[in-house]
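Down below is the structure, laid out as structure tokens.
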Protein chains: 2
Amino acid sequence: MTADWEERLREHGFRITPQRQLVLEAVEALRHGTPEEILVEVQRTASGVNLSTIYRTLEVLEDVGLVTHAHIGHGAPTYHAVDEHVHIHLVCDRCRAVQSIPAGVAASFVAALRDDYGFRTDISHVSVHGHCRDCEEAPRHHEADDPL
Amino acid sequence: MTADWEERLREHGFRITPQRQLVLEAVEALRHGTPEEILVEVQRTASGVNLSTIYRTLEVLEDVGLVTHAHIGHGAPTYHAVDEHVHIHLVCDRCRAVQSIPAGVAASFVAALRDDYGFRTDISHVSVHGHCRDCEEAPRHHEADDPL
DNA sequence: CTAGCCCTGCGAACACCTTGCAGCTACGAC
DNA sequence: GTCGTAGCTGCAAGGTGTTCGCAGGGCTAG
């Protein structure tokens, strides 16, 4: 039996390799993962895998539509599998917390962008910045001096 | 006569320096500028200014509320003066074009986030990714192989 | 004018990502 | 099964964007 992801890679002329399988499994296991985190997860099984392989593999997997990425902070992007529910990231700029909410909340906004500007929005790629409930209620005037 | 920006800095205990003035003027002149672009603009007047000073100055100016930044691509953030009209960036992932639209378009979305999730959205900090009208109408299957 | 501390320039360091290359391996052809 | 080749990987070096430590200099209060 041939798994769906193998099919997907072959369709696009890519080969099936242990590394590609491991990266895909890592992404699914982590739900949200930076390339670095994915590397660590993959290395639990295969310690020899290199970071550059992670990057190249993620690019391939994204190309064939098995994973997507979103820019949450300003640094590392986070990857997740496509069969997850489509969601939007709410990023608190004060405490760095990330909250996921259903994409439906933005439906009318997305529709307005499409109708008024002809812009097709990739809503899962968006990250919304602001302040979460907790930080808003406790308005101390210093932002996240805890280095994460 | 004391300019408004000087007042603003003093209020927060910061000093007035030529570098801070030049950076602020550069941001206002460029309307959208990365730190690197701001450096170039500043160096047209004062060639000795260093990049690290740009970063530190932008941090100070943002702290006192004279400039803000938004993450447009995945790389350099762009800074702009706060007296600009609040706007949202529409980023086309295919042709890299950036379009600015009035923040009002997202009003109901922002309201929903506030009411349903207690999240206070900094809408000008958001960048929305997707495909612009032109790229959507000409669906060629290669993305921006022109290296910008 | 003077003293003190903030601010700046400089260089090194850091984080994140990409690239060139040599060897290995998946996979179609036989 | 085995062979050949092109695609893939590991490694190390390099690139870009950003931060930090330090020593000297300039802004400001007194």
Side-chain angles (χ1 to χ4, degrees), chain A residues 2-3 5-24 26 33-40 42-43 45-64 66 69-79 96 143-145 147-148, chain B residues 2-3 5-24 26 33-40 42-43 45-64 66 69-79 144-145 147-148:
Chain A
T2 306
W5 62 272
E6 298 188 6
E7 209 52 48
R8 205 63 101 79
L9 283 171
R10 259 190 260 273
E11 274 173 23
H12 291 255
F14 293 110
R15 291 187 181 170
I16 311 303
T17 69
Q19 288 87 340
R20 312 242 235 233
Q21 177 179 359
L22 288 170
V23 169
L24 183 57
T34 64
E36 205 82 30
E37 290 166 345
I38 292 166
L39 174 68
V40 171
V42 167
Q43 287 185 336
T45 306
S47 60
V49 176
N50 195 274
L51 224 205
S52 52
T53 300
I54 302 291
Y55 279 102
R56 286 189 281 228
T57 302
L58 286 172
E59 197 180 331
V60 167
L61 293 178
E62 185 155 28
D63 192 29
V64 304
L66 288 168
H69 77 275
H71 298 286
I72 285 188
H74 60 91
T78 62
Y79 285 80
R96 302 259 145 237
E143 46 226 44
D145 36 19
L148 189 46
Chain B
T2 307
W5 61 272
E6 298 187 7
E7 208 54 47
R8 205 63 102 78
L9 284 170
R10 259 190 261 271
E11 274 172 23
H12 292 255
F14 293 111
R15 292 185 180 170
I16 311 303
T17 69
Q19 287 87 340
R20 312 240 235 234
Q21 178 180 359
L22 288 170
V23 168
L24 183 56
T34 64
E36 203 80 31
E37 290 165 345
I38 292 166
L39 174 68
V40 171
V42 167
Q43 288 185 336
T45 305
S47 59
V49 176
N50 196 274
L51 224 204
S52 51
T53 299
I54 302 292
Y55 280 102
R56 286 188 283 227
T57 302
L58 286 171
E59 196 180 332
V60 167
L61 292 178
E62 184 156 28
D63 192 29
V64 303
L66 287 169
H69 78 275
H71 299 286
I72 285 188
H74 60 90
T78 63
Y79 286 81
D145 37 17
L148 190 45

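So that the names make sense, note that chain A is the first sequence line, chain B the second, and so on, each numbered from 1.
- Distances shorter than 4.0 Å separate some side-chain N or O of R20(A) from OP1 or OP2 on dT9(D).
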Using a cut-off of under 3.5 Å, enumerate the N/O to N/O pairs linking the protein to nucleotides 21-23 of chain D.
{"from": "dG21(D)", "atom 1": "O6", "to": "R56(B)", "atom 2": "NH1", "distance (Å)": "3.3"}

Quick one: which protein N/O atoms are closer than 3.5 Å to N/O atoms of nucleotides 24-30 of chain D? Pair and distance per line, please.
{"from": "dG26(D)", "atom 1": "N2", "to": "R15(B)", "atom 2": "NH1", "distance (Å)": "2.4"}
{"from": "dC27(D)", "atom 1": "O3'", "to": "I16(B)", "atom 2": "O", "distance (Å)": "3.3"}
{"from": "dC27(D)", "atom 1": "O2", "to": "R15(B)", "atom 2": "NH1", "distance (Å)": "3.2"}
{"from": "dT28(D)", "atom 1": "OP1", "to": "I16(B)", "atom 2": "N", "distance (Å)": "2.7"}

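- Here L9(B) contributes atom CG and L66(B) contributes atom CG; the two are 6.0 Å apart, rounded to the nearest 0.5 Å.
- Per the geometry, CG belonging to L51(A) stands 11 Å off C1' belonging to dT18(C), to the nearest Å.
- When rounded to the nearest whole Å, the span between NE2 of H69(B) and C1' of dT18(D) equals 13 Å.
- Following rounding to the nearest Å, I38(A) (CD1) and dC16(C) (P) show an atom-to-atom distance of 13 Å.
- Counting non-hydrogen atoms of neighbouring residues, nucleotides and ligands closer than 6.0 angstrom, the CD atom of E62(B) exceeds 12 such neighbours.
- Side-chain contact between W5(B) and V64(B): absent, with no pair of heavy atoms (C-beta onward) separated by less than 4.5 Å.
- Computed from coordinates, the I54(A) CD1 to dC17(C) C1' distance equals 13 Å when rounded to whole Å.
- Within the structure, every side-chain polar atom (N or O) of N50(A) is placed at least 4.0 Å from both OP1 and OP2 of dT9(D).
- If you measure from atom CD of Q21(A) to atom P of dT25(C), you get 17 Å, rounded to the nearest angstrom.
- Looking only at side-chain heavy atoms (C-beta outward), L58(B) and H69(B) stay at 4.5 Å or farther from each other.
- Protein atom CG of L58(B) is 15 Å distant from nucleotide atom C1' of dC7(C), rounded to whole Å.
- Residues I16(B) and R10(B) form a side-chain contact, since some pair of their non-hydrogen atoms from C-beta on lies under 4.5 Å apart.
- Within the structure, a side-chain polar atom (N or O) of Y55(A) is placed less than 4.0 Å from OP1 or OP2 of dC17(C).
- Here Q19(A) does not reach the OP1 or OP2 of dT25(C): none of its side-chain N or O atoms lies under 4.0 Å away.
- V23(A) and I54(A) make their closest contact through CG2-CD1, 3.8 Å (heavy atoms, listed as atom of the first residue, atom of the second, distance).
- Looking only at side-chain heavy atoms (C-beta outward), E36(B) and L51(B) come within less than 4.5 Å of each other.
- One can place CG of L39(B) at 13 Å from C1' of dG17(D), the figure rounded to the nearest angstrom.
- Relative ring orientation between H12(B) and F14(B) is described as parallel, the plane-to-plane angle staying below 30° on a 0-90° scale split at 30° and 60°.
- Between Q19(A) and T57(A), the closest heavy-atom pair is O-CG2, 4.5 Å.
- With rounding to whole Å, L9(A) atom CG is found 14 Å from dA26(C) atom P.
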